[in-house]
Amino acid sequence: MANDASTVFDLVILGGGSGGYAAALRGAQLGLDVALIEKNKLGGTCLHNGCIPTKALLHAGEVADQAREAEQFGVKASFEGIDIKGVHKYKDDVISGLYKGLQGLVASRKVTYIEGTGHLSSPTSVDVDGRRVEGRHVLLATGSVPKSLPGLEIDGNRIISSDHALTLDRVPESAIILGGGVIGVEFASAWKSFGTDVTVIEGLKHLVPVEDENSSKLLERAFRKRGIKFNLGTFFQSAEYTDSGVKVTLADGKTFEAEVLLVAIGRGPVSAGLGYEEQGVAMDRGYVLVDEYMRTNVPTISAVGDLVPTLQLAHVGFAEGILVAERLAGLKAVPIDYDGVPRVTYCHPEVASVGITEAKAKEIYGADKVVALKYNLAGNGKSKILKTAGEIKLVQVKDGAVVGVHMVGDRMGEQVGEAQLIYNWEALPAEVAQLIHAHPTQNEALGEAHLALAGKPLHSHD
């Protein structure tokens, strides 16, 4: 199989999602000759089946809720229902604009873009639909797909994945969502705003179980208030069709029925049948194993994004792709501190965090060395104006730096930027307390929390 271009690229990238295209753009910027291979659409899961479309649905739901609740703000408005075709047009227009912009970026950086299905054919080459693409280095970035459970077939009809949910031609009257993690609670939130009767099934003891337990409890309280039902602490056993929908049975025998079942138990790596293991790449349960510099055990192969067992977040993919490109271009690469990555769940209310949980901090430093403080948004003027409830929780090593910031409330995702700086710069509460935060903003709540932790609370009780 010949390389049609008779060229050996500096970097051949298999997969054009967040990690892959970030590596391509940064690599080309640094003077590398880059080939980027993608079988579907440039932008991958995040742009077409993940971050962007789900947030568009959530915003449409937010607008619906605002119309329903306008009277509490003294505004006369009427809510006439959801035009799902209109919602999809809005969502697709957002995606289309970003997609065109991304295509233009890749072209402007003179990245060689190759459409087709790639297969790793050697430690330095990828075969794409009959063409061999040679490179001095290969980056694997083939992403992920929705997972299911043994015996649970996702058919796209009544038992659906998040991919199907994003293009559903109707608002379901009722839905069971299997999985109370990020994907599950975001769809629960959006569908509830659209008018769906929602029940979330989570086998662990809390919703968003990887978050600090306080954040989970606050979200559960908010979901109860919104009428979103959930069953925690019992695992799924089986699902079957009924005359009108789906019946789900749990391990304890409890049953639930609804029009559709959304399977939202996470995403698994796309690696099967792509030649990775044949070329000696170390794997674990389908994931490609890498070191802190994203290097596999094969010297000429790196891997990034959802394909590796790190946080499945688009911005993590961006950072990992950039790290690989800079390392290959000879720059000093700095390993990623994954605890320092901001995490946001865009349900209503939002859940945002950076750093470690209180439980993790106690495990690392000892319970007597950890201080935790909660600042209630009831003391924040802008939160009162927005009629949102929640808290900001700070976790500090006693007499030391803040090692965790955990926030629940509307628009908390917009506050996580400063929280990221606080954690990553190992800021002391007194140092953050010296900064003047604009009033009235929700960002001010982050400042007030640090004022309180520094021993000089303003709009909060001791």
Side-chain angles (χ1 to χ4, degrees), residues 40-41 45-70 77-96 99 145-149 152-202 223 226-231 236 239-249 255-265 267 345-348:
N40 292 318
K41 288 184 176 180
T45 295
C46 173
L47 179 54
H48 300 286
N49 302 99
C51 324
I52 300 303
T54 54
K55 279 52 178 180
L57 291 186
L58 283 157
H59 183 63
E62 181 183 5
V63 173
D65 287 334
Q66 288 174 340
R68 287 190 191 93
E69 300 162 5
S78 60
F79 175 71
E80 297 181 12
I82 300 294
D83 171 12
I84 197 65
K85 288 184 179 179
V87 170
H88 286 316
K89 182 182 184 306
Y90 152 67
K91 165 179 66 71
D92 294 341
D93 284 349
V94 172
I95 295 169
S96 177
Y99 181 42
V145 290
K147 289 196 299 188
S148 188
L149 294 170
L152 179 59
E153 182 184 351
I154 297 175
D155 56 22
N157 182 10
R158 299 183 198 175
I159 302 176
I160 63 176
S161 71
S162 56
D163 289 351
H164 301 119
L166 287 170
T167 57
L168 205 60
D169 62 0
R170 67 194 186 282
V171 175
E173 288 189 15
S174 59
I176 298 166
I177 298 177
L178 183 59
V182 173
I183 297 170
V185 299
E186 286 188 349
F187 273 102
S189 188
W191 275 349
K192 180 63 180 178
S193 296
F194 288 171
T196 303
D197 181 17
V198 179
T199 302
V200 180
I201 306 295
E202 171 55 55
F223 270 21
R226 291 187 62 194
I228 298 173
K229 294 168 285 189
F230 47 89
N231 191 92
F236 167 88
E240 60 185 286
Y241 273 21
T242 64
D243 291 341
S244 57
V246 181
K247 181 169 81 170
V248 170
T249 303
T255 61
F256 300 85
E257 293 192 32
E259 180 185 333
V260 297
L261 167 62
L262 169 60
V263 182
I265 60 168
R267 300 180 64 87
T345 303
Y346 295 87
C347 50
H348 168 57

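Here, residue 1 is the first one in the sequence, and each next residue gets the next number.
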Identify, with sequence neighbours excluded, every residue that meets side-chain hydrogen bond (donor to acceptor under 3.5 Å, both in side chains) alongside [X].
{"X": "Asp197", "value": "Lys229"}
{"X": "His164", "value": "Ser161"}
{"X": "Arg170", "value": "Glu259"}
{"X": "Gln66", "value": "none"}

* Atom pair CG/OG of Leu58 and Ser193 - distance to nearest 0.5 Å ->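 Between Leu58 CG and Ser193 OG, I get 7.5 Å after rounding to 0.5 Å.
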* Asked: Could you state the interatomic distance from CG (Asn157) to CG (Leu261), rounded to the nearest 0.5 Å?
  ->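 Rounded to the nearest 0.5 Å, the CG-CG separation comes to 11.5 Å.
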* To do: Applying salt bridge (charged side-chain N to carboxylate O under 4.0 Å, His left out), name anything that partners Arg68, two or more places apart in sequence or on another chain.
  =>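 Testing Arg68 for salt bridge (charged side-chain N to carboxylate O under 4.0 Å, His left out), a comparison that skips the adjacent residues, returns Asp65.
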Residues in side chain to side chain contact (heavy atoms under 4.5 Å, CB included) with [X], at least two apart?
{"X": "Ser244", "answer": "Thr242"}
{"X": "Asp169", "answer": "none"}
{"X": "Ala67", "answer": "Phe79"}
{"X": "Thr255", "answer": "Lys247, Thr249"}

Would a 4.5 Å heavy-atom cut-off, applied to side chains only, mark [X] and [Y] as touching?
{"X": "Ile265", "Y": "Leu149", "value": "yes"}
{"X": "Val263", "Y": "Pro146", "value": "no"}
{"X": "Ile177", "Y": "Glu202", "value": "no"}

Short side-chain to backbone donor-acceptor contact, [X] and [Y], under 3.5 Å:
{"X": "Arg158", "Y": "Val260", "value": "no"}
{"X": "Thr54", "Y": "Gly50", "value": "yes"}
{"X": "Ser148", "Y": "Leu152", "value": "yes"}

[X] to [Y] - nearest heavy-atom pair and separation:
{"X": "Val200", "Y": "Gly179", "answer": "CG1-O, 3.7 Å"}
{"X": "Glu153", "Y": "Ile159", "answer": "O-CG2, 3.5 Å"}
{"X": "Cys347", "Y": "Phe223", "answer": "CB-CZ, 4.3 Å"}
{"X": "Ile84", "Y": "Leu168", "answer": "CG1-O, 3.8 Å"}
{"X": "Ile154", "Y": "Ile160", "answer": "CG2-C, 3.8 Å"}
{"X": "Ala258", "Y": "Ser174", "answer": "CA-OG, 3.3 Å"}

* To do: Kindly indicate, with the supporting measurements, whether the criterion side-chain contact (heavy atoms from CB on, under 4.5 Å) is fulfilled by Ile176 and Leu262.
  => CA-CA 6 Å; Ile176 298 166; Leu262 169 60; over 6 Å; no
* **Glu69 atom CD: more than 12 heavy-atom contacts under 6.0 Å** =>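 Above 12, so yes.
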* Asked: How far apart are the C-alpha atoms of Asp155 and Tyr241, what are their side-chain angles, what is the distance that settles it, and do they pass the side-chain contact (heavy atoms from CB on, under 4.5 Å) test?
  -> CA-CA 11 Å; Asp155 56 22; Tyr241 273 21; 2.4 Å; yes
What pairs of donor and acceptor atoms, side-chain ones from residues 182-190 against any protein atom, are under 3.5 angstrom apart with sequence neighbours left out?
| residue | atom | partner | partner atom | Å |
| --- | --- | --- | --- | --- |
| Glu186 | OE1 | Lys55 | NZ | 2.9 |
| Glu186 | OE2 | Lys55 | NZ | 3.4 |
| Glu186 | OE2 | Tyr346 | N | 2.8 |
| Ser189 | OG | Arg226 | NH1 | 2.8 |
| Ser189 | OG | His348 | N | 2.9 |

* To do: Using the test ring pair (Phe, Tyr, Trp, His ring centres under 6.0 Å), find all partners of His48 that sit at least two apart in sequence or belong to another chain.
  =>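 Tyr99.
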* What pairs of residues pass the salt bridge (charged side-chain N to carboxylate O under 4.0 Å, His left out) test when at least one of them lies in residues 83-95, not counting sequence neighbours? ->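 Qualifying pairs, neighbours excluded: Lys89-Asp93.
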* Phe230 and Ile201: CA distance, side-chain angles, deciding distance, side-chain contact (heavy atoms from CB on, under 4.5 Å) verdict -> CA-CA 6 Å; Phe230 47 89; Ile201 306 295; over 6 Å; no
